[in-house]
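Residue numbering restarts at 1 for every chain, and letters A, B, ... go by the order of the sequence lines.
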Amino acid sequence: MAKLQAIRGMNDILPDQTPNWQYVEKCFQQAVHRYGYREIRFPILEQTQLFKRSIGEVTDIVEKEMYSFDDRNGDNLSLRPEGTAGCVRAADQHGLLFNQQQRLWYQGPMFRHERPQKGRYRQFQQFGVEAFGMAGPDIDAEVIQVSASLWQDLGLEKFLTLEINNIGSAEDRKRYAAALSAFLTFHADELDDDARNRMHSNPMRVLDSKNPAVQAALKTAPALIDYLSDESIVHYSDLKSLLSQVGIEFVESPRLVRGLDYYNNCVFEWTTDSLGAQGTVCGGGRYDGLVEQLGGKPTAAAGFAMGVERLVLMLDSLGKIPKATSQVIDVYMVVVGSELAGPAQLLAKQLRQQFPELGLINHCGGGKSSNQMKRAFKSGARLAIVLETESGQPLETVIIRHLNDSGESVSVEIANCGEKLAEFLSISE
RNA sequence: GUGACUGUAGCUCAGCUGGUAGAGCCCUGGACUGUGACUCCGGUGGUCGCGGGUUCGAACCCCGUCAGUCACCCCA
């Protein structure tokens with residue numbers, strides 16, 4: 001029978017890697033905490049309809065990347081491909097949005113059926129923040145600052161570029177899309193298949209094309225900026241001013257168009273060139289229409305999401321993960337002779353109760369003392385406690401040995417073991 | 001979904017134009033040792049991703065399939 005293996009694009013994260021993840025998670029939680037954001041948790045499964053109505057029917061995510069299926073009741077469900085839709089649904093369902101301001105964050109796995117490659121997986125982890133009930137550019141600036149402050153903590157600020165753009169209101173874009181669509185239709189013979197397919201369904205996505213021929217054809221295309229409302233323009237320039245005042249550098253990318261339909265006005269991405277083709281580490285913007293679109297009251301909103309795999313990858317390749325992040329064990333207990341198993345476990349239990357923070361491995365499986373010592377060194381523990389007696393004699397003393405170059409060791413009575421341990425490790429009860 | 005490259009012991013890889021598999025590391029037993037590291041001796045471990053085909057014979061050739069990597073695409 002063939003060996004079972006993980007589903008394509010869904011990775012196992014092994015003990016060697018988890019400390020890196022814990023480090024990033026800790027930094028993120030500190031960053032959002034500094035800005036007063038509170039955690040929200042919501043399901044991985046939702047009605048498929050939720051994602052269709054929020055992300056958009058004609059987006060790639062909904063059209064060909066969702067894990068959707070009928071459950072036993074015949075309801076059509078989907079694994080969440082992103083977090084914002086579920087967050088809005090949960091917050092609105094429980095009355096967190098009406099006439100209120102909310103600063104929320106979440107973290108968890110998302111699912112998209114794409115071809116895996118570096119920095120892109122079918123199950124991937126996102127951190128996100130969502131701010132509700134604040135319509136001004138100040139909250140846009142704050143949300144961007146949350147991310148910027150995390151880059152600073154992680155030491156990534158020099159490797160990331162902030163790109164921003166103003167994609168206008170839904171009405172602005174509707175008028176623009178009509179004009180662009182007309183232009184593209186007129187120049188259809190200069191476009192590739194991909195662009196031709198989109199010129200009616202989602203013409204703005206054509207602007208993103210990396211095909212030089214398509215980009216050449218777009219040279220004389222109508223520009224979104226000429227279709228923006230005054231309100232939108234003022235909001236955007238106020239945001240730029242705020243960013244400048246807090247010292248956040250940015251570049252304006254007129255071609256930055258997000259792939260999810262719910263965005264409006266200011267959108268942004270943090271990108272890097274140290275990750276290969278998947279250069280976007282974090283993306284977000286305003287989505288003032290989404291709450292209403294999902295059946296709630298009109299609610300201003302802004303947020304972002306970042307890909308944890310990409311962050312870990314980046315930190316790893318840049319050597320930015322502190323060595324001390326992996327949690328090391330403090331003590332390894334060497335037990336010579338099976339008759340000492342009982343006394344060893346009792347002593348270990350007492351020490352763990354006495355020092356709740358202590359990490360102690362009790363050797364299991366027997367074996368010669370020299371082999372057990374080998375394991376003690378390999379475990380990374382700072383101290384070894386050696387339990388050994390003349391055969392038949394009761395255990396009265398143990399040896400505590402430093403597992404460093406000094407190799408210094410002392411013999412202590414069992415009753416004093418904890419005291420000596422605390423002294424050597426400089427810990428308290 | 002498209003394309004290119006890759007798939008041999010737990011890990012990193014060798015294996016000449018086809019003749020039924022090797023190294024280093026790891027692990028493990030022993031010797032030595034000031035209860036680990038160095039050195040020496042021994043050992044476990046692979047139906048060569050999987051399935052077909054060509055051949056007297058395939059890890060090596062052909063087809064298919066699965067998986068990995070990278071790019072397109074897409075986005076976090």
Between [N] and [M], how far apart are the two [atom1] atoms, rounded to whole Å?
N: B:C11; M: B:C27; atom1: C1'; result: 11 Å
N: B:A59; M: B:G51; atom1: P; result: 12 Å
N: B:C63; M: B:G7; atom1: P; result: 16 Å
N: B:G18; M: B:G3; atom1: P; result: 29 Å
N: B:A58; M: B:G52; atom1: C1'; result: 14 Å
N: B:C25; M: B:C60; atom1: C1'; result: 26 Å
N: B:U6; M: B:C62; atom1: P; result: 11 Å
N: B:C41; M: B:A23; atom1: P; result: 14 Å

Inset, instruction - Kindly say whether, by distance alone, the side chain of A:S369 makes a donor-acceptor pair under 3.5 Å with the base of B:U35? - result: yes

Taking the basic N atoms (NZ, or NE/NH1/NH2) and the acidic carboxylate oxygens, is any pair closer than 4.0 Å for [X] and [Y]?
X: A:E82; Y: A:R80; answer: no
X: A:R120; Y: A:E114; answer: yes
X: A:E423; Y: A:K420; answer: yes
X: A:R103; Y: A:E142; answer: yes
X: A:D153; Y: A:K320; answer: no
X: A:E46; Y: A:R89; answer: yes

Could you tell me the separation between the [atom1] atom of [X] and the [atom2] atom of [N], rounded to a whole number of Å?
X: A:K374; N: B:C38; atom1: NZ; atom2: C1'; answer: 12 Å
X: A:Q5; N: B:C50; atom1: CD; atom2: C1'; answer: 10 Å
X: A:F377; N: B:G36; atom1: CZ; atom2: C1'; answer: 4 Å
X: A:D16; N: B:C11; atom1: CG; atom2: C1'; answer: 12 Å

Legend entry - Along RNA chain B (nearest heavy atom to each residue), the more 5'-positioned of A:R401 and A:H113: A:H113

Inset, instruction - Please figure out whether A:V336 or A:N11 has its closest RNA chain B nucleotide nearer the 5' end. - result: A:V336

Legend entry - Side-chain N,O (A:N371) to OP1/OP2 (B:G36) below 4.0 Å: no

Inset, instruction - Check whether any side-chain nitrogen or oxygen of A:K368 sits under 4.0 Å from OP1 or OP2 of B:G36, and answer yes or no. - result: no

In Watson-Crick or G-U wobble terms, both distances under 3.5 Å, what is the partner of [N]?
N: B:C40; result: B:G30
N: B:A21; result: none
N: B:G1; result: B:C72

Legend entry - Passing candidate, side chain to side chain contact (heavy atoms under 4.5 Å, CB included) with A:L156, options A:T272, A:L318, A:V281: A:L318

Legend entry - Touch class at under 4.0 angstrom, heavy-atom based, for A:G9 against every strand present: sugar-phosphate

Inset, instruction - Answer yes or no: are there more than 12 heavy-atom neighbours, outside A:D273 itself, under 6.0 Å from its atom CG? - result: no

Legend entry - Per-nucleotide protein contact string for nucleotides 71-76 of chain B (B base, S sugar-phosphate only, - none; heavy atom under 4.0 Å): BBBBBB

Inset, instruction - Please tell me which of the listed nucleotides, B:G36, B:C66, B:C26, lies nearest to the side chain of A:K378? - result: B:C26

